[in-house]
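Encoded as structure tokens, the structure appears first; notes follow it.
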Protein chains: 2
Amino acid sequence: MSVTQTEILIELSTAILRHHNDRLECRLVGEAEASLSKRLPFGPFMPDQHRTMEIGLRHWVREQVGVDLAHVEQLYTFADQGRHASGEAAHIVSVGYLALTRTPEQTLESEKQTPAEDGDWEDLYAFFPWEDWRQGRPEILDARILPALDKWLEKEPHAGDRVRLAFGRDGAQWDEEFVLERYELLYEAALVEEALIDQGKQRKHPKPALGLALHLDHRRILATALGRLRSKLKYRPVIFDLMPSGFTLRALQSTTEMVMGVNLHQQNFRRLVEKSGFLISTGRTQRARGRPAEVFRLRHNERTERPLSGLRVTAGRAKPNSP
Amino acid sequence: MSVTQTEILIELSTAILRHHNDRLECRLVGEAEASLSKRLPFGPFMPDQHRTMEIGLRHWVREQVGVDLAHVEQLYTFADQGRHASGEAAHIVSVGYLALTRTPEQTLESEKQTPAEDGDWEDLYAFFPWEDWRQGRPEILDARILPALDKWLEKEPHAGDRVRLAFGRDGAQWDEEFVLERYELLYEAALVEEALIDQGKQRKHPKPALGLALHLDHRRILATALGRLRSKLKYRPVIFDLMPSGFTLRALQSTTEMVMGVNLHQQNFRRLVEKSGFLISTGRTQRARGRPAEVFRLRHNERTERPLSGLRVTAGRAKPNSP
DNA sequence: TTCTTTATACTCAAATTGAGCATAACTGGT
DNA sequence: ACCAGTTATGCTCAATTTGAGTATAAAGAA
């Protein structure tokens, strides 16, 4: 059995997320110079130096970013032709990872300004504005996305059902986990900038782009990351890997809402969390504007491995914060 | 940024599952000759010839196995050193896939003998006897696995909590999704044959092995596949990709039980499925020993993409079939 | 006919979920 | 000190879902 003709190069790319500045943020590297935008932290997998890919990944993250990773999870391996600049000597296979990092410590209201070392953390929803339903249904959906998809569907009617399910039309429910499916459809319909670039077309901005673009397929990896995280929240306690050691229930809820992109019923969220038994009260209390809140911490925080059951949050019919 | 020193070779390996002969079966290839046992269907990824890895995978499956794949899903990419025979020129990275294939058609009770072309399909639980709880708690657990793990834990006490959670001891629930976690623990404790081989130790059968071994890390891929399938059943309707076009509710339940490794409450299963709205009755009926059963088929079977909601089966407290 | 077997139909209580209302404990302004 | 605004926490209640049975229907076998 003969061997590959083109040399294969494995690129490890990581979506590193954190909750900071009251946003869900993603770490980016690279100067926003010439050609295209930023990229995820990444580096080649070098089997001679790294026993496993995760070790390699932690190496690159340590080198490019100065953060401790709380949770690391392999997402998907992409090897599509055409997603990477062709004409290169090697064929690039890209292995995407999701990593979560804990908020340093109690971000007090007073010191919200970003410290200098913070480098390049971008609001995750800047890449996917249609995924954030916390203020209600995003206008961009009805104003631009669905009309554009409808126009595309005239040429590609076979995709009608996929659009219907991914974007929750005609009775189908909006499923917040289908982040990747939605992004892929927008890519296929050439509504995101990366699609135009991959097709070699000029960037003739007929309309402003849908969300910020990223290098190569990095936004696809990011979409996979968000979808996976949203899904995983429901059955594994990964949300705590975004929290500092002590936190209020309100902070936990905000983080959850940020990830899920929807608002939750506060009292029911409290009931859910208390019943789950994950948390234990530190005697402390934290004060802000209203009544001071009890500060909790994770029970089993000695163990890094905690394959427990997750939070089972559901979007429910909670009203958006504002009109 | 320089390039890898060792050449990288990507191997695509697929766990192909089907429900046949009243078993959940996995397709194997390769003569059970010299060194080690069978392997999963596999082949190298050749970027010059296959635009995506999935296309490459379908190519190898078509070449080695003569089945139509209903569902194909990428599982995980393994690149651990030491899991593959070292000393080779290239470093092998192994991308594991799960594929489901539909039972050809109504397997009548009368023709249960395996046709000749059936080649090499092995009972999945031959590899993981501790995962099948349909006849009640497998004896192998208390008879051999847990005692051996306890002995191992004396040397590696740090793994105590992982064992507790994976194998459901001291109040922890047995979670049928933790197939991979359990297999990895058995590997680390050197209780499966692959571990001995990877350590270069002689095969000095002190005790019979735990389950059938496979080539390289193929059993790990298979464990990943079973765990993923068990998990996915609960939120996506993948079970139907193991069914023929028409089937009775009892057949659907049996397949589900086979995958989950537990028995379900028949009346509640029926209620669940009916409420889900996936099925539609063909007027037909199928008879066997008792009252004839209605034959159903999937509603949307025109579409291959059906990101709908899944079955949410729970193990409940159903009693095992027999003592 | 009378068993035996399997399918299907209902019932019922316990648990969970979705939504509110009510109260407590602060801050800030007057 | 008092009041308005804000956030946390406690509790209730009805609708739904779940777990587990009991009852009945429709075959084949004895």
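This is a predicted model, so every value here is computed, not measured. Just so we're on the same page: letters track the sequence lines, and every chain starts at 1.
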Worksheet item: B/Glu294 near the nucleic acid: base, sugar-phosphate alone, or nothing, with a heavy-atom cut-off under 4.0 Å?
Response: sugar-phosphate
Worksheet item: Is there a side-chain polar atom (N or O) of A/Gln267 under 4.0 Å from OP1 or OP2 of D/dA8?
Response: no
Discussion item. Distance check needed: C/dA19 P versus A/Leu264 CG, whole Å only.
Written reply: 11 Å
Discussion item. Using modelled atom types and a 3.5 Å cut-off, is there a donor and acceptor pairing between side-chain atoms of B/Gln253 and backbone atoms of B/Phe269?
Written reply: no
Fill in: By side-chain contact (heavy atoms from CB on, under 4.5 Å) - contacts of A/Asp142 (at least two apart)
A/Arg137, A/Leu146
Worksheet item: What integer distance in Å separates B/His265:NE2 from D/dA20:C1'?
Response: 5 Å
Worksheet item: Which whole-number value in Å describes the distance from A/Leu249 CG to C/dA24 P?
Response: 20 Å
Fill in: Separation of atom NZ in B/Lys275 from atom C1' in D/dT17, rounded to whole Å
6 Å
Worksheet item: If you pin B/Ala251 and B/Asn268 to their nearest nucleotides in DNA chain C, which one's is more 5'?
Response: B/Ala251
Discussion item. How long is the straight-line distance from CG of A/Asp241 back to CZ of A/Arg18, given to the nearest 0.5 Å?
Written reply: 16.0 Å
Discussion item. Can you measure A/Asn263 atom CG to C/dA19 atom P for me and round it to whole angstrom units?
Written reply: 13 Å
Worksheet item: Does the side chain of B/Glu294 come under 3.5 Å of the side chain of B/Ser281 through a donor N or O and an acceptor N or O?
Response: yes
Worksheet item: How far apart are the closest heavy atoms of B/Val238 and B/Leu100, and which atoms are they?
Response: O-CD1, 3.7 Å
Item to complete: State whether the distance check finds a donor on one side and an acceptor on the other, under 3.5 Å, for side chain A/Arg271 versus base D/dG10.
Response: no
Discussion item. Rounded to whole Å, please give me the gap between CZ in B/Phe269 and C1' in D/dG19.
Written reply: 16 Å
Item to complete: Going 5' to 3' through nucleotides 25-30 of chain C, assign each nucleotide B (protein heavy atom under 4.0 Å from a base atom), S (under 4.0 Å only from sugar-phosphate atoms) or - (no protein heavy atom that close).
Response: BBS---
Practice prompt. Could you tell me the separation between the CD atom of A/Glu274 and the P atom of D/dA8, rounded to a whole number of Å?
Written response: 13 Å
Discussion item. Are B/Phe247 and B/Phe296 an aromatic pair, judged by ring center distance below 6.0 Å?
Written reply: no
Worksheet item: So how far is it from B/Leu17 CG to B/Arg23 CZ, rounded to the nearest 0.5 Å?
Response: 12.5 Å
Worksheet item: Could you give the CD-to-C1' distance, from B/Gln266 to C/dT5, as a whole number of Å?
Response: 11 Å
